[in-house]
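Order of the sequence lines fixes the chain letters, A, B, ..., with proteins taken first and strands second; residue numbering starts at 1 for each chain. Note that this is a predicted model, so its numbers are computed, not measured.
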There are 2 protein chains.
Amino acid sequence: MNMKATSFDIAYRAGVSQSTVSRALRNSPLVNEETRLKVQAIAKELNYKVDKNARNLRSQQSNTIALLLFEDSTSDDSQINPFFLSMLGSITRACANKGYDLLVSFQQMDNDWHAEFEDTNKADGIILLGYGDYVEYKKKLVQLHEQGTHFVRWGAEVKDMQVATLGCDNIHGGMQLTQHLMHKGREHCAFIGTASRHAPEFNDRYKGHVKALKKAGKTVDADLQVDALYTEEAGYLATKELLAQGVSFDSLFGACDLIAIGAIRAIKEHGLKIPDDVAVVGFDDIPMANFVNPPLTTAKQDTMLAGKLLVDNLLNLIAGEEPKTMLIPSQLIERGSTNI
Amino acid sequence: MNMKATSFDIAYRAGVSQSTVSRALRNSPLVNEETRLKVQAIAKELNYKVDKNARNLRSQQSNTIALLLFEDSTSDDSQINPFFLSMLGSITRACANKGYDLLVSFQQMDNDWHAEFEDTNKADGIILLGYGDYVEYKKKLVQLHEQGTHFVRWGAEVKDMQVATLGCDNIHGGMQLTQHLMHKGREHCAFIGTASRHAPEFNDRYKGHVKALKKAGKTVDADLQVDALYTEEAGYLATKELLAQGVSFDSLFGACDLIAIGAIRAIKEHGLKIPDDVAVVGFDDIPMANFVNPPLTTAKQDTMLAGKLLVDNLLNLIAGEEPKTMLIPSQLIERGSTNI
DNA sequence: CTGAAAGCGCTTACAG
DNA sequence: CTGAAAGCGCTTACAG
């Protein structure tokens with residue numbers, strides 16, 4: 001390998017100034033067509049590539065977005081919720097479409113966030129993704145906000161704060177699922193998922209669930225709600241506990257697919273049939289949902305759209321627009337876990 | 001927001017030169033302890049962050065690794081093989097542990113790769129991950145190699161080329177799975193997976209399969225091998241075709257879990273029982289494997305280890321060591337799809 | 001242990 | 001349309 005070519009090398013060969021090279025390569029209208037073509041030809045020949053560090057340093061922007069994917073340290077260390085993985089895929093694509101690079105970083109919720117990408121001029125803005133302790137989380141949001149960092153987040157709305165948030169319409173989605181269960185003639189629906197501060201999304205889904213019950217004139221039975229974090233194991237254990245208590249129910253709402261999948265395992269182990277004895281629904285529509293037995297009825301979140309909107313929103317924010325908050329509707333996907 | 005602080009601001013307040021600030025912040029032994037502490041305190045107070053563009057431009061390295069995740073355009077546009085997603089997770093973690101940032105980029109195999117991260121000084125090296133057309137792929141490898149790019153790849157070995165490759169011991173894994181099936185008394189094993197140029201990994205697994213058969217003194221029946229790409233749908237269709245042809249088999253080896261899961265669907269639809277009529281094995285141990293019905297026996301690839309080794313290898317390569325090629329053993333995970 | 005100075009490779013007013 | 005020059009914010013020989 002010989003040395004990397006610089007714009008000066010090109011300038012020398014083209015017999016023009018380095019400034020002109022810079023302009024020609026950026027397709028500036030200020031430069032003569034002929035000159036431009038000559039310069040570009042030489043650049044290609046020398047396999048010249050702009051040094052991004054130099055460009056970014058000079059122009060004070062990076063054309064890069066950072067994605068912070070955070071998790072509770074409660075989750076085991078190798079598995080990321082497939083839903084977020086799917087979001088990651090769509091965000092990567094959306095960035096590529098806009099000509100932005102994506103810096104990905106996993107963070108433990110309880111650590112100091114390594115969120116200096118923007119401070120550090122490595123990124124123009126940040127996308128936040130993940131579940132985790134809400135109180136801890138909010139502290140960090142406030143901090144980011146005070147530093148003037150450009151960021152958008154995925155999730156439930158944060159109260160008392162003006163942050164650009166994109167999320168699924170969890171309340172409506174929860175309502176829809178519970179109505180679906182009632183429509184199938186189910187009377188007693190268990191809800192597995194934390195109402196704690198760890199996943200506000202789950203809480204919204206629960207609200208939707210309650211709303212549907214009330215709307216139908218049913219009473220809400222507190223015994224039927226059991227806390228659980230966002231893992232298959234948590235769903236399994238919570239459901240097992242519920243079954244052990246002898247509470248009776250003919251349907252179960254897992255606050256996310258992973259929980260629902262764990263619930264299915266517990267229900268089957270207990271000797272009950274799905275959907276005959278217990279109909280089950282989840283939330284997210286992760287790839288697995290279609291492959292469990294029986295396939296899981298769920299509320300699909302449109303990750304492709306979500307990724308695109310997150311990126312669009314962030315770029316708008318960077319461009320100086322007001323932070324926008326939006327809800328994306330979920331879509332009911334009926335499968336075997338609720339269809340006799 | 002007031003202006004971002006620079007090292008000059010700190011120098012001014014600390015009453016030292018900017019050079020000393022730079023040294024102090026990098027914990028250079030050249031600087032007096034007292035001075036260092038003072039400088040660091042002021043830096044913290046001003047919420048100072050090193051400008052990475054300036055640092056990288058000056059020091060000519062980026063402390064960033066780029067991950068190129070490529071796919072055939074044949075696969076549908078939203079789904080990435082969960083196995084690669086899992087690799088992505090472990091690579092991110094491994095990078096973080098080494099203090100490197102990770103730039104992620106999805107690429108269509110047939111496009112010109114946007115692999116200029118290193119040329120462009122945005123990354124010190126590149127990790128390649130994915131399935132795809134081998135011929136196309138090799139062309140690009142040669143190109144990267146000629147450009148002197150530092151990269152390591154995940155996959156089967158590439159012939160006639162000295163590239164740092166890390167992969168699963170697919171031949172041994174394939175052998176192990178087939179031996180497991182024979183051990184369970186299965187006589188006629190179908191193999192679903194392309195022997196074409198699209199996934200050399202699959203070909204190695206097939207080789208292992210054949211090796212096991214030969215070792216046991218069995219004949220290899222060409223009718224029992226059907227090509228399929230690496231999707232659930234492809235596995236489903238290939239198995240359906242095999243069943244339609246009336247070829248008889250009592251076991252089936254899917255070249256990856258996704259294929260095996262598709263095969264399970266086809267077999268069930270055909271009215272056969274798993275594992276009673278047909279025992280099924282896959283490869284990878286993606287999260288789904290444990291949730292299909294029945295749970296899938298498979299060869300687990302250790303993605304945590306793989307991610308760590310890929311990153312370690314790349315950093316060694318960047319540091320000037322020789323490219324190393326290694327195989328990671330897979331581990332047989334027995335589940336219901338082969339256990340009566 | 002510290003400082004003055006050069007320079008990484010660009011972009012972009014400024015002047016023509 | 002083009003060029004000379006300044007400067008983005010650092011790191012690091014060099015000299016003391």
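Rounding to whole angstrom units, CG of residue D51(B) and P of dC8(C) are separated by 18 Å. Between N27(B) atom CG and dT11(D) atom P the separation is 12 Å, expressed in whole Å. Atom CD of Q61(A) and atom C1' of dG9(D) are 17 Å apart (whole Å). Computed from coordinates, the I10(B) CD1 to dT2(C) P distance equals 16 Å when rounded to whole Å. Rounded to whole angstrom, the span from the NZ atom of K38(B) across to the P atom of dC1(C) amounts to 15 Å. In this structure, N53(B) atom CG and dC8(C) atom P are separated by 17 Å, rounded to whole Å. Atom CG in L37(A) sits about 13 Å away from atom P in dC1(D), given to the nearest Å. The distance from atom CZ of F8(B) to atom P of dT11(D) is 11 Å, rounded to the nearest whole Å.
When all heavy atoms of L128(A) and F151(A) are compared, the closest pair comes out as CD1-CD1, 3.7 Å. Counting all heavy atoms, side chain and backbone alike, S17(B) lies closest to A11(B) at C-CB, 3.7 Å.
Residues N313(B) and E321(B) have side chains that never bring a donor and an acceptor to within less than 3.5 angstrom of each other. Side chains of E322(B) and N316(B): no donor on one and acceptor on the other come within 3.5 Å. Side-chain contact check for T303(B) and S90(B): no donor-acceptor pair (N or O, by modelled atom type) lies under 3.5 Å. Side-chain atoms of T64(B) and K122(A) include a donor-acceptor pair closer than 3.5 Å.
Checking each of L309(A), T165(A), L310(A) against M326(A) for a side-chain contact (heavy atoms from CB on, under 4.5 Å) leaves exactly one that passes, namely L309(A).
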Pairs under 3.5 angstrom, nitrogen or oxygen only, protein versus nucleotides 12-15 of chain C, please.
unit_1: dA13(C); atom_1: N6; unit_2: R23(A); atom_2: NH2; d: 2.7

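For dA13(C), there is no paired base (Watson-Crick or G-U wobble, both distances below 3.5 Å). Pairing of dA4(D), defined by two Watson-Crick or G-U wobble distances under 3.5 Å, is not identified with any nucleotide.
Comparing dT12(D) with dG16(D), their C1' atoms sit 16 Å apart, to the nearest whole Å.
Comparing S17(B) and Q60(B) by the nucleotide of DNA chain C whose heavy atom lies nearest to each, the residue mapping closer to the 5' end is S17(B).
The side chain of Y48(A) lies closest to dC10(C), out of dC1(D), dG9(D), dC10(C).
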